[in-house]
Every structure is written in C-alpha cells, then in structure tokens.
Amino acid sequence: MFKIISKEILSSNIKSFEIEAPDIAKNVKAGQFIVLRLNDKGERFPLTVAGKNIEKGTIKIIFQEAGKSTTQLGTLKEGDCIKDIVGPLGKPTEIENFGTVVAMAGGVGTAELLPVISELLKAGNKVITIVGARNKDLLLMQDELKANSTELLVATDDGSYGIKGFVTTILADVIKREKVNIVYAIGPVPMMKAVSNMTKEYNLKTLVSLNPIMVDGTGMCGACRVSVDKKIRFACVDGPEFDGHLVDWDELTSRLRAFKENEKVALERYKEILNMECKCHKE
C-alpha cells in the first residue's frame, strides 16, 4: 500500500499527490513513469512521475481527471492509500549537453516536462521552455518552470496570458532567432504532431513522449504498441520517448479513440454510483 502524504488541487480537474514510495523515489529518472492500481478490482493505468524527494522517500504525480480511474484517484484524500504502484518504468529521457534545447508542453504535460528541463539545465543546456493552455487559469507550475528554464514563454488560446495563439507560433519565432539543437514535446497528440511536422521542415531533431493505451507496462500485453519508422514499438519498454518525425500519428490517434465510448460509459456509471452514495449519506 502506498500512502498519499499530501494532496493539492491545481484546478477544477487537475490534482497533485505526493506519495510515499521510497524505492521508486530512489531509482526514478526524468521521463519515466509508474503504473497504478487503486484497488483489487481497479484497472492498471500509467502516470508520469513529476517529481521526487529521495530524503522523504516520496514521488509526485500530477494528473487530470479524464476517465473513471483518474476521477476515482482524484477522490482520494491525504492519508488514503493506493493499492499498487509499479515503477519506475520506461526509458529515462536522454540527458546531455546538446546546446540550446526547446522544451514544449501543453496541458497536464507541463508536469511531465518539469523533471526533464531540470536535468537538461543541470547538464549545461540553454533551456527555452514553451508551454500552452486554453487560458491563464489552466497554466500549471509557472514558478517551477521559470526556476528550471533559461527562458519561459507562454501561449494561451484566448490571449489571457502570454501571447495569443499556440505553442507552435512561439516555436516558429524561436527557431528564427536561435540555433536550436533539439526539441522536446510533451502533451496532447495534436500538439506533438504539429510540433513534429514543423520541426521536420528544419531537419531539427524532435523527441516526443507518447501516451498510448497501456495495461501491464512491461511489454507483455502489447496494448501500447506504436508504429515508429514503420516498425512496431512498445511505448512502455521502448519509450515513452520517440523521434517525432518517425511516429505514425494517424495510427496513434486512431488507437487512442478505440475505447472512447467504453471509457465514457464507465465514467458515467461511476458517477451514478457516487451520486447514490452521496444521497445515502445525506439521508
């Protein structure tokens, strides 16, 4: 059992947990993830480790309540326990002194980016971080990002903070004024695809962190297969980071949509159960 040491609500459906997991904290590296199971009947689902404290023996996860399992995870409180956590899983981010690095994130991908830029900065890189969100209220961890970046640039869809537009708008400007050596992109698939398409025109190496459907996290089930350079790869053991110019984005998008209706039904049923329990408590 893994105890939740602290809980923070970052927005209406985005939460941050600090979890007691000393063995994982001691071994996890930037870019790696864990697989959780909330209880004996719960599904297994992956979340990237957003931070660690080796002295306290804790790891941090930041997640968006999107489906049934993440919504259920969000109901847990400080002192509650998670049944199973397996990790660290996946290959760590490639960290070296590249020169000038552009690191990009959208939405909750910001949390996944933080440990990556922290290590890149320590390695001596000039780190230009670009983050985007629909509006100012959905921006995450601005102080932490600024502290671990040489320069932080922000885009919002509605122009409520930073520039009005998308992260690719800022990327185009940065490429014009900087000699960029490598780009990292973490976030929604449409964003990573757009970034990869843009950088391909400049022959600019781009690494993306993929988020396919995943079950066991060890390469046995094959659920997280993706096509990279026309070859089958498993995100859990071969990734989650891949060359964005070689990813079959259309196939990835199609596979992510495969169980959308099932996920919707599961979430609706879970919310119905929650409502019934709430009514019983009130009565």
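- A donor-acceptor contact shorter than 3.5 Å is absent between the side chain of Trp249 and the backbone of Ala194.
- Rounding to the nearest 0.5 Å gives a distance of 3.0 Å between CD of Glu43 and OG of Ser69.
- Two residues are said to be in side-chain contact when any heavy atoms from C-beta on lie closer than 4.5 Å; Tyr184 and Thr129 fail this criterion.
- Using a 4.0 Å cut-off between charged nitrogen and carboxylate oxygen, Lys60 and Glu144 do not count as a salt-bridge pair.
- In this structure the side chain of Val102 reaches within 4.5 angstrom of the side chain of Leu171, judged on heavy atoms.
- In this structure, the side chains of Gln32 and Asn27 stay at 4.5 Å or more apart for every pair of heavy atoms.
- One side chain, Gln72 or Lys68, offers a donor N or O that lies under 3.5 Å from an acceptor on the other.
- No donor-acceptor distance shorter than 3.5 angstrom exists from the side chain of Gln64 to the backbone of Ile14, with no hydrogens or angles considered.
- The environment of NZ in Lys29 is sparse: at most 12 heavy-atom neighbours from other residues, nucleotides or ligands sit within 6.0 Å.
- In this structure, Ile34 is a member of the same hydrophobic cluster as Leu38, with clusters built from ILVMFWY side-chain heavy atoms closer than 4.5 Å.
- Between Ile213 and Arg255 there is no side-chain heavy-atom pair separated by less than 4.5 Å.
- In this structure, Leu145 CG and Thr110 OG1 are separated by 6.0 Å, a value rounded to the nearest 0.5 Å.
- For the salt bridge (Lys or Arg N to Asp or Glu O under 4.0 Å) criterion with Lys15, the lone passing option out of Glu8, Glu65, Glu78 is Glu65.
- For the pair Lys179 and Thr100, the minimum side-chain heavy-atom distance is 4.5 Å or more.
- For Asn39, the CG atom is densely surrounded, since the number of other residues' heavy atoms within 6.0 Å is greater than 12.
- Judged by distance alone, with hydrogens and angles left aside, the side-chain atoms of Lys7 form a donor-acceptor pair with the main-chain N or O of Leu76 at under 3.5 Å.
- The nearest pair of heavy atoms linking Leu113 to Ala105 is CD2-CB, 3.7 Å.
- Two residues are said to be in side-chain contact when any heavy atoms from C-beta on lie closer than 4.5 Å; Val131 and Val167 fail this criterion.
- Residues satisfying the ring pair (Phe, Tyr, Trp, His ring centres under 6.0 Å) criterion with Phe17, sequence neighbours excluded, are Phe63.
- The 12-atom threshold is not exceeded at CZ of Arg257, counting heavy atoms of other residues, nucleotides or ligands nearer than 6.0 Å.
- Leu114 is not listed as a side-chain neighbour of Ile62, based on a closest heavy-atom distance of 4.5 Å or more.
- Through ILVMFWY side-chain contacts below 4.5 Å, Val215 is grouped with nothing and stands alone.
- Cluster partners of Val237, by chain and number: Ile232, Phe234. The rule joins Ile, Leu, Val, Met, Phe, Trp and Tyr whenever side-chain heavy atoms lie under 4.5 Å apart.
- Within a 6.0 Å radius of OH in Tyr270, other residues, nucleotides and ligands contribute more than 12 heavy atoms.
- Across Ile163, Leu139, Asp137, Leu138, a single residue satisfies side chain to side chain contact (heavy atoms under 4.5 Å, CB included) together with Thr156, and that is Leu139.
- Here the straight-line distance linking atom OG1 of Thr70 with atom CG of Leu47 works out to 8.0 Å at 0.5 Å rounding.
- Looking at heavy atoms from C-beta onward, Asp157 lies out of side-chain contact with Asn135 at the 4.5 angstrom threshold.
- Val180 and Ile170 end up in the same hydrophobic cluster when Ile, Leu, Val, Met, Phe, Trp and Tyr side chains are linked at under 4.5 Å.
- Here the side chain of Glu151 pairs no donor or acceptor atom with the backbone of Ser149 at under 3.5 angstrom.
- A pairwise comparison of heavy atoms in Ala25 and Gly57 identifies CB-C, 4.0 Å as the closest pair.
- A distance of 11.5 Å separates CZ in Phe33 from CG in Asn211, rounded to the nearest 0.5 Å.
- In this structure, Met1 CE and Asp80 CG are separated by 9.0 Å, a value rounded to the nearest 0.5 Å.
- Counting all heavy atoms, side chain and backbone alike, Leu252 lies closest to Pro212 at CD1-CB, 4.0 Å.
- With sequence neighbours excluded, no residue satisfies side chain to side chain donor-acceptor pair (under 3.5 Å) with Glu20.
- Salt bridge absent: Lys136 and Asp158 never bring a charged side-chain N and a carboxylate O closer than 4.0 Å.
- Side chain of Glu251 to backbone of Ser227: a donor-acceptor contact under 3.5 angstrom is found.
- Salt-bridge formation is detected for the pair Lys83/Asp40: a Lys NZ or Arg NE/NH1/NH2 atom is positioned less than 4.0 Å from an Asp or Glu carboxylate oxygen.
- Annotation: the span from Asp243 atom CG to Ser196 atom OG amounts to 8.0 Å, rounded to 0.5 Å.
- Among residues two or more places apart in sequence or in another chain, the side chain to side chain donor-acceptor pair (under 3.5 Å) test is passed with Glu94 by none.
- Of the possible polar contacts, one joining the Asn125 side chain to the Leu120 backbone as a donor-acceptor pair under 3.5 Å is found.
- Nearest heavy-atom pair across Met192 and Ile186 is SD-CA, 4.1 Å.
- Taking a 6.0 Å sphere around CZ of Phe45, one finds it holds more than 12 heavy atoms contributed by other residues, nucleotides or ligands.
- The residue from Arg37, Arg44, Lys41 that alone fulfils the salt bridge (Lys or Arg N to Asp or Glu O under 4.0 Å) condition with Asp84 is Arg37.
- Residues satisfying the side chain to side chain donor-acceptor pair (under 3.5 Å) test with Thr58, not counting sequence neighbours, are Glu18.
- Of the candidates Leu36, Thr48, Ile85, Leu36 is the only one forming a side chain to side chain contact (heavy atoms under 4.5 Å, CB included) with Ile61.
- Using a distance-only test at 3.5 Å, with no hydrogens or angles considered, no donor-acceptor pair links the side chain of Lys52 to the main chain of Ile24.
- Both Val174 and Val195 are assigned to one and the same hydrophobic cluster, defined by single-linkage of ILVMFWY side chains at heavy-atom distances under 4.5 Å.
- With hydrogens and angles ignored, the 3.5 Å screen pairs a side-chain donor or acceptor of Asp216 with a backbone N or O of Thr218.
- Looking at every heavy atom in both residues, Gly90 comes nearest to Pro240 through CA-CD, 4.3 Å.
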(message) I'd like to know whether Asp250 forms a side-chain contact (heavy atoms from CB on, under 4.5 Å) with Lys193, so could you lay out the CA-CA distance, the side-chain angles of the two residues, the decisive distance to 0.1 Å, and finally the verdict.
(response) CA-CA 9 Å; Asp250 293 336; Lys193 179 181 178 180; 3.2 Å; yes
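- With respect to the salt-bridge test (charged N to carboxylate O, under 4.0 angstrom), the residues Glu119 and Lys122 qualify.
- What you find for Ala50 and Pro115 is that their closest heavy atoms are O-CD, 3.6 Å.
- Note on Met104: it clusters hydrophobically with Ile175, by side-chain heavy-atom contacts below 4.5 Å among ILVMFWY residues.
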